There are 2 protein chains.
Amino acid sequence: MRKDAQQNRAKILATAAQLFREQSVAAVSMKAIATAAGIGPGTLYRNYPNKSALCLDMSMTFIQEFVADAQQYLYQTTDDAVTQFKQVLTRYLRFRERRLQLLASIENGATVMPAYYKSDLYHELIQLFMQVLKPVSGPLLPGELKFRADMLIAMLKSNSYAYQREQGLSRDDLLTQISRLMIKSADPLKK
Amino acid sequence: MRKDAQQNRAKILATAAQLFREQSVAAVSMKAIATAAGIGPGTLYRNYPNKSALCLDMSMTFIQEFVADAQQYLYQTTDDAVTQFKQVLTRYLRFRERRLQLLASIENGATVMPAYYKSDLYHELIQLFMQVLKPVSGPLLPGELKFRADMLIAMLKSNSYAYQREQGLSRDDLLTQISRLMIKSADPLKK
DNA sequence: TTGACAAGTGGAGTCGGCTCCACTTATAGT
DNA sequence: ACTATAAGTGGAGCCGACTCCACTTGTCAA
């Protein structure tokens, strides 16, 4: 890759981040990003085939931050398995809320979802959730752990999440409900 | 509503259905629908604020068909609760597969999802799933049944579903996994 | 240093979703 | 039958996503 091309890529990300901070993600057009970055639309699209892909790349940092934070917690904690699960889930919910717009843009872009599922990003998330799910699920069929982690993430996609919030569920209610669904135990006592 | 307007509405649905049969849903533009129906884009948009809304309306029939079919089954069956749940879920999966494109268009249209959640359609689905979930879930907190039905549907949205299929899960695997997640029992015996 | 050319650029242009509004028309009250 | 007018129409045109390709430029081999 040519040096000037790398610079452009960096500039795009920086400019887009800036604009996203100033206006909502949805309100910023690709053309606006290109113009603000001082490049042509063609160059922008050479780097990112669409807006969602740009958002995906931008989310990278944030997801890695979240995963690092969660792993840091897991490394130093002495909590029991159930608490660990709930802690990580809480952090995930907080993270999602913070990056709402960006994640919505990814999840609604029909074309990027396949790419998202294949990304290291998604893989890292799954690994993390598998780690905390394993001790709290009962005995599992092969593949079941991965499936449950997938479902956990599917349940919390932006549209679904937004709907539940609208229904009046607080982040804590959500935590409770999901815990009750995912945690296998001889009848969980309430919080 | 004026009589001619009603005719137009009917014509739109018929024409769109026709075009969707000939080409993929994604490939048909709103302009193409308008032209084929012999009306202007403005008239089309007066009836449906966007393509997803049109798909939503068109799905109405199909969802009602599915619900009717499921209720018909429930009415005449003597199967046990677990089998009933699985039967209904199987039918739902079949229905989703049949209407894949239409449902994807609804679920990926960022703007319609809120409308979808508020629609009678969605409400009917939820009622149906609550009905079959109740006897197979353990004792539930208030609101938990509705929550689980919501999650069941969220888990099976087109992107998630497509991903699982790509991962190599058959419709039957999906059924098994979901059953194991949603059915509370003193350790379910395998199929 | 220089020339060849792969790599990269940018903006004009296409296409589709969607809006706006000047115009037409069904219909209800007289 | 004859308006008045609310309801409905349709197409020109906007805006944003995305493509295409003639042109520029960094790089590397000689």
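Sequence lines set the chain letters: A, B, ... in the order given, protein chains first and strands last, and positions in each chain run from 1. Heavy-atom basis, side chains included; hydrogens, waters and symmetry copies ignored. Everything numeric in this text was worked out from a predicted model, so none of it was measured.
Between the CG atom of A/Leu54 and the P atom of D/dG16 there is a distance of 16 Å, given to the nearest Å. The interatomic distance linking B/Gln6 (CD) with D/dT9 (P) rounds to 11 Å, in whole Å. As rounded to whole Å, 15 Å separates atom C1' of D/dT19 from atom CG of A/Asn47. Atom OH of A/Tyr48 and atom C1' of C/dG8 are 16 Å apart (whole Å). Counting to the nearest Å, the C1' atom of D/dA17 and the CD1 atom of A/Ile33 are 12 Å from each other. Residue A/Arg9 contributes atom CZ, which lies 15 Å from atom C1' of C/dA7 at whole-angstrom precision. Here D/dG16 presents its C1' atom at 12 Å from CG of A/Leu44, a figure rounded to the nearest Å.
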Taking only distance into account, with no hydrogens and no angle test, what donor-acceptor pairs under 3.5 Å do side-chain atoms of residues 34-45 of chain A form with protein atoms, sequence neighbours excluded?
residue	atom	partner	partner atom	Å
A/Thr35	OG1	A/Lys31	O	2.8

Indicate every side-chain donor-acceptor pair of residues 125-150 of chain A with a distance under 3.5 Å to a residue at least two apart or in another chain.
residue	atom	partner	partner atom	Å
A/Ser137	OG	A/Leu133	O	2.8
A/Glu144	OE1	A/Leu141	N	2.8
A/Glu144	OE1	B/Arg180	NE	2.9
A/Glu144	OE1	B/Arg180	NH2	3.1
A/Glu144	OE2	A/Arg148	NH2	2.9
A/Glu144	OE2	B/Arg180	NE	2.9
A/Lys146	NZ	A/Asp150	OD1	3.3
A/Lys146	NZ	A/Asp150	OD2	2.9
A/Lys146	NZ	B/Tyr163	OH	3.0
A/Arg148	NH2	B/Arg180	O	3.3
A/Asp150	OD1	A/Tyr122	OH	2.7
A/Asp150	OD2	B/Gln164	NE2	2.9

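Between the A/Ser105 side chain and the A/Gln101 main chain, no donor and acceptor come within less than 3.5 Å of each other. The backbone N or O of A/Val25 lies less than 3.5 Å from a partner atom in the side chain of A/Lys51, making a donor-acceptor pair. In this structure a side-chain-to-backbone donor-acceptor pair under 3.5 Å is present from A/Thr176 to A/Asp172. Remark: side-chain polar atoms of B/Ser160 are not paired, donor with acceptor, to backbone N or O of A/Ala154 under 3.5 angstrom. Under a 3.5 Å cut-off, the side chain of B/Ser170 and the backbone N or O of B/Asp173 do form a donor-acceptor pair.
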Can you check nucleotides 12-21 of chain C for protein contacts, nitrogen or oxygen pairs under 3.5 Å, and list what you find?
residue	atom	partner	partner atom	Å
C/dG17	OP2	B/Met30	N	2.7

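OP1 or OP2 of C/dT9 has at least one side-chain nitrogen or oxygen of A/Asn8 nearer than 4.0 Å.
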Whether each nucleotide of nucleotides 22-30 of chain C has a protein heavy atom under 4.0 Å at its base (B), only at its sugar-phosphate (S) or at neither (-) is summarised, 5' to 3', as ---BSS---

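For residues 54-63 of chain A, the pairs satisfying salt bridge (Lys or Arg N to Asp or Glu O under 4.0 Å) are A/Arg9-A/Asp57, with sequence neighbours left out. Annotation: salt bridge (Lys or Arg N to Asp or Glu O under 4.0 Å) contacts involving residues 65-85 of chain B, sequence neighbours excluded, comprise B/Asp69-B/Arg91.
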